[in-house]
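Some notes on the structure that comes next.
Every chain is numbered from 1, with letters handed out A, B, ... down the list of sequences.
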Amino acid sequence: MINRIKQYIEVAFMDVPPTKASLELKEELTSNMIEKYNDYLLKGDNEETAFSNVVEHVGDLSELTAPLKDTNQVEILSKKQSATLKAVAVGLYILSPVALILMSELFTGPIGLTSMFIFIALATALLIYNSSITKSYTRQDETMTEQFKEWQDKTSKTSESFALFKSAFWFITIALYLYISFTTFRWHITWIIFLIATAIIKIVEGILVLRKNDEK
Amino acid sequence: MSITSDILRGHTETIILKHLCDHDSYGYEINKAIQEKTDNQYQLKDATLYSAFQRLEKAGYISSYWGDENVGARRKYYSITQQGKIYYELSKKAWEQAKELIDSLL
């Protein structure tokens with residue numbers, strides 16, 4: 001019967017997004033209703049009467065749940081945040097060759113290369129973090145249009161991050177090629193960087209395709 | 001009873017604050033106390049009670065914390081703030097004035 005109380009609350013909160021506020025309200029309501037139900041049992045009611053007594057005094061829960069459905073404000077905030085993250089990531093990509101050149105001028109050894117890769121790693125991490133926190137479109141009902149919107153949202157989000165990554169990647173490859181070639185003067189062999197870069201891009205692409213298939 | 005309920009509903013928040021003046025409490029306990037004090041004649045609907053909590057908390061008149069019950073579900077306790085106490089006194093005075101006026105009118 002306790003499960004019926006929980007179910008009753010679940011149904012009332014069916015179309016409320018699971019935010020911290022709504023989950024806490026659910027827990028609060030459930031625990032108070034269960035206590036009330038147990039008190040009715042102690043007074044000698046049978047389970048059925050106790051349950052209907054509890055439910056009778058619940059009232060119209062929609063006045064509680066209605067304000068929780070309004071999540072627009074949260075969305076605007078997260079959009080701003082996401083734009084900032086993307087901008088910082090792209091900035092890091094662009095600055096990474098600068099780090100390479102600057103650090104190599106100042107220090108000897110692999111510090112220049114290391115600092116460039118740290119920049120790249122940070123930027124990539126930001127992009128991945130960003131795509132994981134931005135809420136994906138969840139369909140509101142089972143119509144074809146809603147399914148299409150959800151699919152479109154998912155595809156565009158992955159391809160957008162990937163396009164950003166790819167353009168930055170080629171930019172860095174060219175910078176690396178020129179830099180190494182000019183410092184070592186081994187032009188006969190440095191072109192191999194482009195082959196390696198292409199291979200890396202294809203591997204990343206392959207991983208993305210595999211992941212997408214998994215999601216399906 | 002429904003007319004009485006309508007009049008009482010306007011004072012839900014004051015009734016809750018009065019109860020919290022004595023000690024911290026949670027939803028069901030408050031409603032149970034209301035029922036006992038009114039000799040089982042009146043109790044709040046859950047929806048009314050919990051939306052009043054939300055309004056009061058938002059206004060800064062009460063604050064909430066989770067209890068640490070070992071058995072069963074957690075309870076959410078409320079306690080009255082200094083501002084809440086001031087608001088309660090004001091509401092009570094307002095009610096006493098209204099009562100006098102209505103008594104002289106009806």
### Spacing of A/Leu64 atom CG and B/Leu49 atom CG [to the nearest 0.5 Å]
9.0 Å
### Query
Where do A/Gly59 and B/Ala47 come nearest, in terms of heavy atoms and distance?
C-CB, 4.1 Å
### Task
Count the heavy atoms belonging to other residues, nucleotides or ligands that lie under 6.0 Å from CD of B/Glu96, then report whether that count exceeds 12.
yes
### Summary
Rounded to the nearest 0.5 angstrom, the CD-NZ distance for B/Gln35 and A/Lys36 is 7.0 Å
#### Entry: Residues in residues 76-88 of chain B that sit under 4.5 Å from chain A, counting heavy atoms only
B/Lys76, B/Tyr78
### Part of B/Leu44 within contact of chain A (heavy atom distance under 4.5 Å)
backbone
### Query
With a 4.5 Å limit on heavy-atom distance, are the side chains of B/Tyr50 and A/Leu61 in contact?
no
### Task
Spell out the residues in residues 23-32 of chain A that have some non-hydrogen atom less than 4.5 Å away from a non-hydrogen atom of chain B, in order of number; otherwise answer 'none'.
A/Glu24, A/Leu25, A/Glu27, A/Glu28, A/Leu29, A/Ser31, A/Asn32
### Query
So with a 6.0 Å cut-off around NZ of A/Lys43, is the heavy-atom count from everything else above 12?
yes
### Message
Tell me which of these, B/Tyr26, B/Phe53, B/Trp66, has more heavy-atom pairs under 4.5 Å with chain A than the rest.
### Response
B/Trp66
### Message
Is the shortest side-chain heavy-atom distance between B/Lys45 and A/Val58 below 4.5 Å?
### Response
no
### Message
Tell me whether the count of non-hydrogen atoms from other residues, nucleotides or ligands lying under 6.0 Å of NZ in B/Lys18 goes above 12.
### Response
no
### Message
Rounded to the nearest 0.5 Å, what separates atom CG in B/Asp46 from atom CE in A/Met33?
### Response
6.5 Å
